[in-house]
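Written out below as structure tokens is the structure these notes cover.
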There are 4 protein chains.
Amino acid sequence: MANALPEPSHPAPAADTGTPGISSARLQAFSDAVIAIAATLLVLEIKLPEHEGVWAGLRHELPALASYAVSFLVIGIVWIHHHNLFHRVRQVDRALLLLNLGLLLTVSFLPVPTATLGSRLDGADATAAAVFYSLAVGLTSVWFLLFWHHLCRRPHLLVPGALAEARLARRHAVTGPVVYFAAAALALVTPVGSLGLNAALIGYLIVNRRSPTARTRPGAAAGAAPDRS
Amino acid sequence: MANALPEPSHPAPAADTGTPGISSARLQAFSDAVIAIAATLLVLEIKLPEHEGVWAGLRHELPALASYAVSFLVIGIVWIHHHNLFHRVRQVDRALLLLNLGLLLTVSFLPVPTATLGSRLDGADATAAAVFYSLAVGLTSVWFLLFWHHLCRRPHLLVPGALAEARLARRHAVTGPVVYFAAAALALVTPVGSLGLNAALIGYLIVNRRSPTARTRPGAAAGAAPDRS
Amino acid sequence: MANALPEPSHPAPAADTGTPGISSARLQAFSDAVIAIAATLLVLEIKLPEHEGVWAGLRHELPALASYAVSFLVIGIVWIHHHNLFHRVRQVDRALLLLNLGLLLTVSFLPVPTATLGSRLDGADATAAAVFYSLAVGLTSVWFLLFWHHLCRRPHLLVPGALAEARLARRHAVTGPVVYFAAAALALVTPVGSLGLNAALIGYLIVNRRSPTARTRPGAAAGAAPDRS
Amino acid sequence: MANALPEPSHPAPAADTGTPGISSARLQAFSDAVIAIAATLLVLEIKLPEHEGVWAGLRHELPALASYAVSFLVIGIVWIHHHNLFHRVRQVDRALLLLNLGLLLTVSFLPVPTATLGSRLDGADATAAAVFYSLAVGLTSVWFLLFWHHLCRRPHLLVPGALAEARLARRHAVTGPVVYFAAAALALVTPVGSLGLNAALIGYLIVNRRSPTARTRPGAAAGAAPDRS
């Protein structure tokens, strides 16, 4: 019967019209906006010096361009993970709300370490800048570990049948912090290599079929989705 | 029969499909965008000075970082309150429209007092900066008192059964202005303490079960929601 | 019968799922985002000078604060008018698309005249700044005249029954350009008075029951809405 | 029966309710936000010099104003193309996700070449600036060729019946890169003419009935739409 459907609430959910409280859909919409803005604001840190030629200026800004690109993709990955997560959330409790505020605070802050790294990667203070950058990026990934841990312990917040996926996601969510913090350590030896490691993780998260990002697709097979048909 | 269904029309809820004019849903969407942007623009005020080392720069920017974090969370709370409010609004009249414009104007303005406080909290003009900051933050909370007061007097604007909640919310909405303006007064004695009081209120609003924010959850039980089941 | 109606597309329209082409809903969503961002970016032009005291700085920035507030409300009115307009649009043709791009271009440009006026209203070049400002604001209102004129001539683009409203709206849409351009003329005599006239028009548009903004409500009675029931 | 339900769930279309993973609708919403922000941030590069008169300042900023307007419309076209594309996408695979991140990265980057061109179009380095600008703009259009090519080879990602349209779109998608890169070459001779060629292409894309943009309308006739009537 129609009213027996679990009404999984993506992304304009039942939860929204029916339930007071912050719905998963509105939380996603607001978070999407913050994440999109943070990604787009990054570019404001790049300015070709007026007194230089265009090509010389671009060469000069190469570290800033590289930091920009890596941070943009980091934020893109955050968006994908965020979407995958809240896609499986049926009900938002206060802890999720708090964790989400924390995540957004960390993501919105990324323009600062990005600008810092961009202006120092080829300078004397490159090591400190790269450590700061990798720590800041790593922080954005820690929240997902906390998110999934909380959801695994409160399965009633999940859409039906998503617990196994949540457990898998919690295991995969360790990758981000581990690699990003390893990049912070690597920065002590080679700042440029550290940025490269961050970039490599992004590539891995996008391409590898078993990473959280990749679950985007396979999830479709395993998925929480049949409830719609 | 399928065509007898009320055409549930997410994400533009009930109010929208029935009433021409500004729907509650579109007002929320537009407001969400403004609120999200204001939160994210805050970061533009933080810049590590180029000539300083990274860690020294971060220490130097500590007041700016603290102001940034508090303002970000203030705006987060505004978003939650705004969502709780318009979630209970069935029809938007001109007064609500006006009050909402006022709220958004105040929220969008927050980057100014935040930058002011961030650059002066450890300086000679800390007192004035902290007073200005707390007054500006306090203003964002006054609108909610006016919102709920208006809704209590025009219950036909509310979704059915939400009047009791609105009355409770009006009572709770006094907390914000009182504490924020107390923080403005406290700033005359201790600017840093004033910022701390603002932060404490945010913690209280997020954690306390009986505060307007907390109603997020319990409201679900009391709620205006039965129309879904 | 009600269920035979083509489901007129607020705000997640039939047009979107079924019809290729830009739907009214997506056009609204994109436009809302641009409008919200333009409104929020205005604040970036306000900076209290670091070397001044807070209160002296605020006094010094008074023209910038006044320009900011007026521009914010101008953009608020644009949003309301835009919503009222596209609420009545069933199908978006190329002319509407073009006019909308023009409108958004003009609205996104407002931070420039706003900053110009804010920094010169109390200076030698106040007259030119106020003329520039009023012309720029006036431009944003001209598009609505063109929008409504186009819709009156292509009634098939409107939701059923909205032609009379569109004709009324076209008549009302003359007010904006006339007053804003009168404000540009007035600026030649008194720049501050010109900003005041702009502010007065905003007040009128928000409060007056017969202005396009006010139609927000009465429209509910006359409205294009019964098709939902 | 459950499957007789009218499948409400716009604006998160079919693809979203059925498939876990990133839905076409959410990808569109996020992309719309990034695109809207990029378009609106462009204006931050325009500042009338404080020491100059308003009209002299505007004359002085004419290159910046022209670059701003062209870039704004370029981004507007990107939005229209993006909408037309994802409107026909039923399922988002990893390649589309990656291509989309690439597109957004390129679009968000446009404020840099726009500011570069705006500040140099009337200076010694105009040629390099115009080449850089046209290359950057051209890059944003290359993604659409890749998008359509991928979709033509994986027709199961398309909504039913859209393959012919996708093939046509792939052919049309060659226009953008060709003209923009021709503009880059032309810049070697005449920088201003190069900007003019970019502007001309935009005009063509908006006005010409057979260009991808123009398909907006005629598509409606050919269209995938009957399911609504």
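Note that this is a predicted model, so its numbers are computed, not measured. Below, chain A is the first sequence line, B the second, and so on; all start at residue 1.
- The aromatic rings of Tyr68(D) and Phe109(C) sit tilted relative to each other, their planes meeting at an angle between 30° and 60°.
- In this structure, His60(C) places its NE2 atom where only 12 or fewer heavy-atom neighbours from other residues, nucleotides or ligands lie under 6.0 Å away.
- Across all their heavy atoms, Ala66(C) and Leu195(C) have their closest contact at CB-CD2, 4.0 Å.
- Comparing Phe72(D), Trp55(D), Trp79(D) by how many heavy-atom pairs each has under 4.5 Å with chain C, the most go to Trp79(D).
- For a residue to count as touching a neighbouring chain, one of its non-hydrogen atoms must lie under 4.5 Å from one of that chain's; by this rule Ala29(D) touches chain C with the backbone only.
- Across Ala33(D), Ala162(D), Gly53(D), the residue that shares the most heavy-atom pairs under 4.5 angstrom with chain C is Gly53(D).
- With 3.5 Å as the limit, one finds a donor-acceptor pair spanning the side chains of Asn100(C) and His82(C).
- Looking at Ala115(C), there are no atoms closer than 4.5 Å to chain D (heavy atoms on both sides), in backbone or side chain.
- The parts of Leu101(C) that come within reach of chain D are both its backbone and its side chain, each placing non-hydrogen atoms under 4.5 angstrom from that chain.
- The most heavy-atom pairs under 4.5 Å with chain D, out of Val131(C), Val107(C), Asp32(C), Leu41(C), come from Leu41(C).
- Pairs of residues two or more places apart, or lying in two chains, that qualify as side-chain hydrogen bond (donor to acceptor under 3.5 Å, both in side chains) and include a residue from residues 106-119 of chain D are Ser71(D)-Thr114(D), Thr106(D)-Trp143(D).
- For a residue to count as touching a neighbouring chain, one of its non-hydrogen atoms must lie under 4.5 Å from one of that chain's; by this rule Ala129(C) touches chain D with backbone and side chain alike.
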> Stepwise, does the side chain to side chain contact (heavy atoms under 4.5 Å, CB included) test hold for Leu121(C) with Tyr133(C)?
Replying inline: CA-CA 10 Å; Leu121(C) 187 55; Tyr133(C) 180 80; over 6 Å; no
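- The contact between Leu58(D) and chain C is made entirely by side chain atoms (from C-beta outward), counting heavy-atom distances below 4.5 Å.
- Using a 4.5 Å cut-off between heavy atoms, Glu45(D) does not touch chain C at all.
- The nearest pair of heavy atoms linking Trp148(D) to Asn84(D) is CH2-O, 4.2 Å.
- Neither the backbone nor the side chain of Leu110(C) comes within contact range of chain D; no heavy atom of the residue lies under 4.5 Å from a heavy atom of that chain.
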